[in-house]
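Let me begin by presenting the structure, written as structure tokens, before commenting on it.
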2 protein chains.
Amino acid sequence: MPKVLPATPFEGANENLAATTAPQDVSREDAATFDVLRKMREDILCCVLKPDQKLKFGELRQRYDTSVGTLREALSHLVSEGLARTEAGRGFQVSPISLADFLDLSELRVYLETKTLADAIRHGTDAWEAEIVSSHFLLSKLAAPRPDDPLSVKQEWGKRHKRYHDALVATCRSPWSLHYRSELFDQARRYHWLTMIHSRLHRRNEHLEIRDAVLARDSDLACSLLAQHIRTTVEQAVADVPGLIRGNARVLKPGKRRKS
Amino acid sequence: MPKVLPATPFEGANENLAATTAPQDVSREDAATFDVLRKMREDILCCVLKPDQKLKFGELRQRYDTSVGTLREALSHLVSEGLARTEAGRGFQVSPISLADFLDLSELRVYLETKTLADAIRHGTDAWEAEIVSSHFLLSKLAAPRPDDPLSVKQEWGKRHKRYHDALVATCRSPWSLHYRSELFDQARRYHWLTMIHSRLHRRNEHLEIRDAVLARDSDLACSLLAQHIRTTVEQAVADVPGLIRGNARVLKPGKRRKS
DNA sequence: AGTTTCGAAAGTTTCGAAAATCCAATTTAC
DNA sequence: GTAAATTGGATTTTCGAAACTTTCGAAACT
């Protein structure tokens with residue numbers, strides 16, 4: 001008997017996760033430190049903090065209204081997620097982006113996402129299907145954002161997009177696979193953001209096709225569509241993001257400075 | 001023309017890694033903070049800090065002779081590597097271990113290691129072959145440690161074992177794959193340690209077989225041997241580590257307390 | 001002109017004390 | 001006698017000042 005529709009991602013899916021060792025995701029509802037971490041992560045993913053940008057404690061301290069120690073902890077976290085880098089005594093900076101990295105990232109995503117999806121389909125439940133339908137519905141209500149849409153619209157779309165893709169794989173039984181899949185998904189979001197900013201290309205409704213293949217439990221089709229979905233995104237970025245190939249992609253909207 | 005034999009892992013292999021975004025591994029030669037991190041990581045992998053053990057700041061501060069802030073940063077790092085966990089306001093603890101986790105971990109390792117190895121073979125160079133031969137030689141000079149060998153022997157073997165496995169995949173072109181492979185390898189080391197402590201089983205010389213298949217560039221054979229190698233380790237642990245199945249594996253040598 | 005040396009300024013890292021929080025044992029209320 | 005509230009001690013979290021390192025530019029020296 002199907003459960004009542006759960007709140008966010010999907011209740012049943014994480015039962016086994018609690019029992020294992022796989023790294024903690026964004027889950028802990030820590031107080032201040034985690035709050036700063038989450039904000040900074042989002043700022044990097046949305047290129048408010050731009051690739052290669054130096055992350056100075058002074059500025060960050062103002063921006064996030066917190067102390068050096070707290071900042072340091074958050075930054076340290078970002079480093080192990082791959083969103084920032086650090087060197088001996090010369091502070092932190094946002095990780096660079098490059099076409100090579102995006103290609104590598106995406107191929108590993110294909111490799112992991114398909115494995116994860118296949119397993120999820122194998123162990124799918126009613127509640128899982130329900131969350132897929134629901135999250136796809138929410139996503140489809142928002143048209144893919146255009147370059148000149150306001151930030152908030154893009155962010156909302158990003159949220160729903162993530163929720164949908166999370167829903168697809170929620171019943172996968174391997175916590176480790178889910179964890180790495182999630183990290184890679186976030187990494188890709190940085191590049192998606194660049195694409196959103198630059199591309200006016202209209203893509204056919206891949207999310208719908210994937211949804212239907214998944215609900216039909218057609219694992220092969222679903223995986224192949226998903227793989228295509230990921231690879232198309234790369235092609236779109238290569239075509240439309242100026243400078244990505246030469247390695248000096250520009251990020252629009254330099255971001256508001258707080259002072260002078 | 002083959003390069004001169006480089007020092008440790010292998011020079012040519014990491015050239016592309018520098019150019020990408022993949023998380024920084026154990027690479028930065030940071031001062032104090034990183035030193036503590038490395039020591040703590042090794043202590044967890046060798047079960048000196050036992051699974052589920054509460055990590056209190058007071059004790060750790062003595063053990064590693066450092067301040068709270070530094071400790072906190074290191075711990076935070078360990079959390080994102082999956083070696084520790086933390087919850088809201090109740091501190092840190094060593095990640096638990098379980099058979100389910102080991103199984104999950106190992107299957108993902110098979111999936112990633114084989115992909116990584118295949119790519120490494122595809123792009124192998126003379127220097128790569130040389131480092132494989134060399135690291136295998138060093139490994140083979142040490143017999144697999146027995147339960148009552150001293151700690152230092154076990155640790156040295158662990159080091160050489162890791163160096164050999166790193167060498168195998170060093171020419172893989174995907175920094176992200178290499179990074180996750182490496183993290184998973186470390187995770188598995190915790191379970192290997194338990195096995196070393198308990199098992200007297202003598203395994204046939206799998207490392208040699210893998211080496212020869214790799215040097216012969218027989219990708220299929222090499223991958224299948226490597227997969228077997230990983231899975232055998234799981235079976236050995238299931239057979240010989242008491243309590244792993246029931247989830248209360250004991251770690252020998254309770255570890256010296258500093259006080260009372 | 002180009003290189004080196006030096007010192008001040010900017011920035012990072014480390015530290016431990018103060019504030020906040022949690023836990024368990026004891027008391028209080030029912 | 002049990003359950004809720006209290007309280008004190010232990011532990012964690014946060015913070016900013018002190019110590020240290022790097023950076024940068026001006027002055028001195030090839």
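Each chain gets a letter, A, B and so on, in the order its sequence line appears, and its residues count up from 1.
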Test side-chain hydrogen bond (donor to acceptor under 3.5 Å, both in side chains) on B:Trp157 and B:Asp149; report intermediate values, then the result. CA-CA 11 Å; B:Trp157 188 86; B:Asp149 282 333; over 6 Å; no
Does B:Arg109 form a side-chain contact (heavy atoms from CB on, under 4.5 Å) with B:Tyr180? I'd like the steps, not just the answer. CA-CA 9 Å; B:Arg109 279 192 68 209; B:Tyr180 287 141; over 6 Å; no
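Closest to the side chain of B:Lys54, from the set D:dT12, D:dT14, C:dT13, is D:dT12.
Listed by chain and residue number, nothing satisfies the side chain to side chain donor-acceptor pair (under 3.5 Å) test with B:Thr116 (two or more places apart in sequence, or in another chain). Under the rule for a side-chain contact (heavy atoms from CB on, under 4.5 Å), A:Asp65 has no partner lying at least two apart in sequence or in another chain. Evaluation of the salt bridge (Lys or Arg N to Asp or Glu O under 4.0 Å) rule for A:Lys39 yields A:Asp35 as partners, not counting sequence neighbours. Residues passing the salt bridge (Lys or Arg N to Asp or Glu O under 4.0 Å) test with A:Asp43 are A:Arg63, sequence neighbours excluded. Considering only residues two or more places apart in sequence or on other chains, A:Lys54 meets the side-chain contact (heavy atoms from CB on, under 4.5 Å) condition with A:Lys56. B:Ser106 pairs by the side-chain contact (heavy atoms from CB on, under 4.5 Å) definition with B:Phe102, B:Ile230, B:Val234, not counting sequence neighbours. Residues passing the side chain to side chain donor-acceptor pair (under 3.5 Å) test with B:Glu107, sequence neighbours excluded: B:Arg231.
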Taking only N/O atoms, report every protein-nucleotides 15-22 of chain C pair under 3.5 Å with atom names and distance.
unit_1 : atom_1 : unit_2  : atom_2 : d
C:dC15 : OP2    : B:Thr66 : OG1    : 3.2
C:dC15 : OP2    : B:Thr70 : OG1    : 3.4

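Look at CG on B:Asp35: it is 14 Å from C1' on C:dT14, rounded to the nearest Å. Note: CZ (A:Phe57) to P (D:dT14) measures 16 Å, nearest angstrom. Rounded to a whole Å, the CG atom of A:Leu37 is 12 Å from the P atom of D:dT14. A straight line from CG of B:Leu75 to P of D:dT12 spans 10 Å, rounded to a whole angstrom. Atoms CD (B:Glu87) and P (D:dT13) sit 11 Å apart, rounded to a whole Å. C:dG11 atom C1' lies 12 Å from atom CG of A:Leu60, rounded to whole Å. Atom pair A:Phe92:CZ and D:dT21:C1' shows a separation of 15 Å (rounding to whole Å applied). Look at CD on A:Gln93: it is 11 Å from P on C:dT12, rounded to the nearest Å.
Between A:Arg72 and C:dT13, a side-chain N or O to OP1/OP2 separation shorter than 4.0 Å is present. Applying the 4.0 Å criterion to OP1 and OP2 of C:dT13, one finds that A:Lys56 has every side-chain N and O outside that range.
Stem regions for DNA chain D, each three or more consecutive Watson-Crick or G-U pairs with both distances under 3.5 Å and listed by first number, read C:1-30 with D:1-30.
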